[in-house]
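Letters go in sequence order (proteins before strands), and every chain restarts at 1.
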Protein chains: 4
Amino acid sequence: MSEVIAKEQLAQFISRIERLEAEKSDLAEDIKEIYDEAKGTGFDVKIMRQIIKIKRQDKAKLAEQEAILDLYRQALGL
Amino acid sequence: MSEVIAKEQLAQFISRIERLEAEKSDLAEDIKEIYDEAKGTGFDVKIMRQIIKIKRQDKAKLAEQEAILDLYRQALGL
Amino acid sequence: MSEVIAKEQLAQFISRIERLEAEKSDLAEDIKEIYDEAKGTGFDVKIMRQIIKIKRQDKAKLAEQEAILDLYRQALGL
Amino acid sequence: MSEVIAKEQLAQFISRIERLEAEKSDLAEDIKEIYDEAKGTGFDVKIMRQIIKIKRQDKAKLAEQEAILDLYRQALGL
DNA sequence: GATGCGCTTTAAATGC
DNA sequence: GCATTTAAAGCGCATC
């Protein structure tokens with residue numbers, strides 16, 4: 001691969017990443033706006049964040065438990 | 001607003017946020033995959049991150065300078 | 001504060017940290033030995049790590065839930 | 001070994017590990033506190049970390065060199 | 001050499 | 001609004 005092509009390819013990768021990161025930032029802004037809207041409607045943002053956090057942990061914990069079940073199954077040759 | 005409605009509305013807000021956070025996570029994964037792909041092609045991921053970071057800083061600096069220029073223009077009544 | 005004293009004080013801080021880090025490393029070794037011992041007794045180390053991880057998460061989740069309960073109490077003025 | 005005994009033994013192993021990990025966490029906290037204290041006294045924490053890292057590497061290098069020396073001694077029948 | 005894990009660093013969020 | 005505290009990302013190590 002010539003250096004010219006490598007350079008071009010690198011630019012491509014970086015461009016794609018920057019594009020996705022821009023979208024990611026936009027989503028972060030959107031989320032913030034929803035929190036603000038909820039706050040304006042009288043909800044407690046801090047509590048909302050806690051709720052979402054706990055729900056996320058629950059999901060993660062469930063996944064963990066399934067993973068350990070898989071381990072047991074493997075250990076038992078099932 | 002009745003408590004029932006508030007509850008429903010809260011669920012809506014949380015649902016919207018969770019949806020957007022899921023999209024955000026997906027994007028983070030996509031970005032990681034691009035880095036992996038670039039790595040597999042022989043590029044140095046760490047350097048790529050540096051490049052992207054610097055470009056982002058440059059962009060921020062440019063925006064700041066334009067903001068200052070605007071202030072000057074306003075101060076001079078242009 | 002004279003530079004001599006500062007130097008001496010810095011040496012003290014670093015010495016204390018190195019002492020604690022040595023203890024920390026010793027503990028890490030001890031933990032590893034227990035895993036090895038368990039392995040030698042026929043237990044599956046990978047599963048053990050999962051169990052410990054989940055127990056730790058459970059503890060963290062419990063603490064989170066108490067935190068959110070506190071938030072609710074505060075929000076309700078209790 | 002009956003399953004009951006195995007279960008009990010597993011619980012023992014896990015309990016011992018959790019105990020040691022708790023101590024390890026405590027040490028990590030203690031270390032952090034010393035860094036904070038040093039920071040409050042005007043020292044640069046980042047530099048301190050560098051110093052400690054380098055000293056650790058030096059120690060490792062020294063140990064390695066002594067190991068090589070031992071090999072030479074043995075090879076020479078000293 | 002790839003994967004996971006802990007530590008470091010940076011970004012976000014809370015409280016004053 | 002700023003400064004502390006907390007969460008997320010990145011990085012290096014150590015292991016397999």
Exercise. Which ILVMFWY residues are connected to B:L78, directly or by a chain of links, through side-chain heavy atoms under 4.5 Å apart?
Worked result: B:L76

Seminar exercise, completed: Grouping ILVMFWY residues whenever side-chain heavy atoms fall under 4.5 Å, the cluster of B:I68 otherwise contains B:Y72

Exercise. Tell me, which of residues 44-63 of chain A have any heavy atom that sits under 4.0 Å from an atom in DNA chain F?
Worked result: A:K53, A:R56

Seminar exercise, completed: By nearest-nucleotide position on DNA chain E, the 5'-leaning member of B:K39 and D:A28 is B:K39

Seminar exercise, completed: Whichever of A:K32 and D:E21 has the more 5' nearest nucleotide on DNA chain E, that residue is D:E21

Exercise. How would you list, by chain and number, every residue that makes a ring-ring contact (aromatic ring centres under 6.0 Å, His included) with C:F13, sequence neighbours excluded?
Worked result: D:F43

Exercise. How would you list all residue pairs meeting salt bridge (Lys or Arg N to Asp or Glu O under 4.0 Å) that involve residues 28-45 of chain D, not counting sequence neighbours?
Worked result: C:R16-D:E37

Whole-Å gap separating [atom2] ([N]) and [atom1] ([X]):
| X | N | atom1 | atom2 | answer |
| --- | --- | --- | --- | --- |
| C:L20 | E:dC7 | CG | P | 13 Å |
| B:Y35 | E:dT3 | OH | P | 19 Å |
| A:E33 | E:dA12 | CD | P | 15 Å |
| C:I31 | E:dC5 | CD1 | C1' | 13 Å |

Exercise. Is it true that D:I47 and C:I14 fall in one hydrophobic cluster, defined by side-chain heavy atoms closer than 4.5 Å?
Worked result: yes

Seminar exercise, completed: Under a 4.0 Å heavy-atom criterion, DNA chain F is touched by chain A from F:dA7 to F:dA8

For this session: Taking salt bridge (Lys or Arg N to Asp or Glu O under 4.0 Å) as the test, write out the residues that go with D:D70, two or more places apart.
Result: D:R73

Seminar exercise, completed: Residue set satisfying salt bridge (Lys or Arg N to Asp or Glu O under 4.0 Å) with D:R19, at least two apart, ordered chain then number -> D:E23

Exercise. Quick one: is C:K24 getting a side-chain N or O under 4.0 Å of the E:dC7 phosphate, OP1 or OP2?
Worked result: yes

Exercise. Does anything in residues 53-69 of chain D pair up under side-chain hydrogen bond (donor to acceptor under 3.5 Å, both in side chains), and if so which pairs, sequence neighbours excluded?
Worked result: C:E18-D:K55, C:E21-D:R56

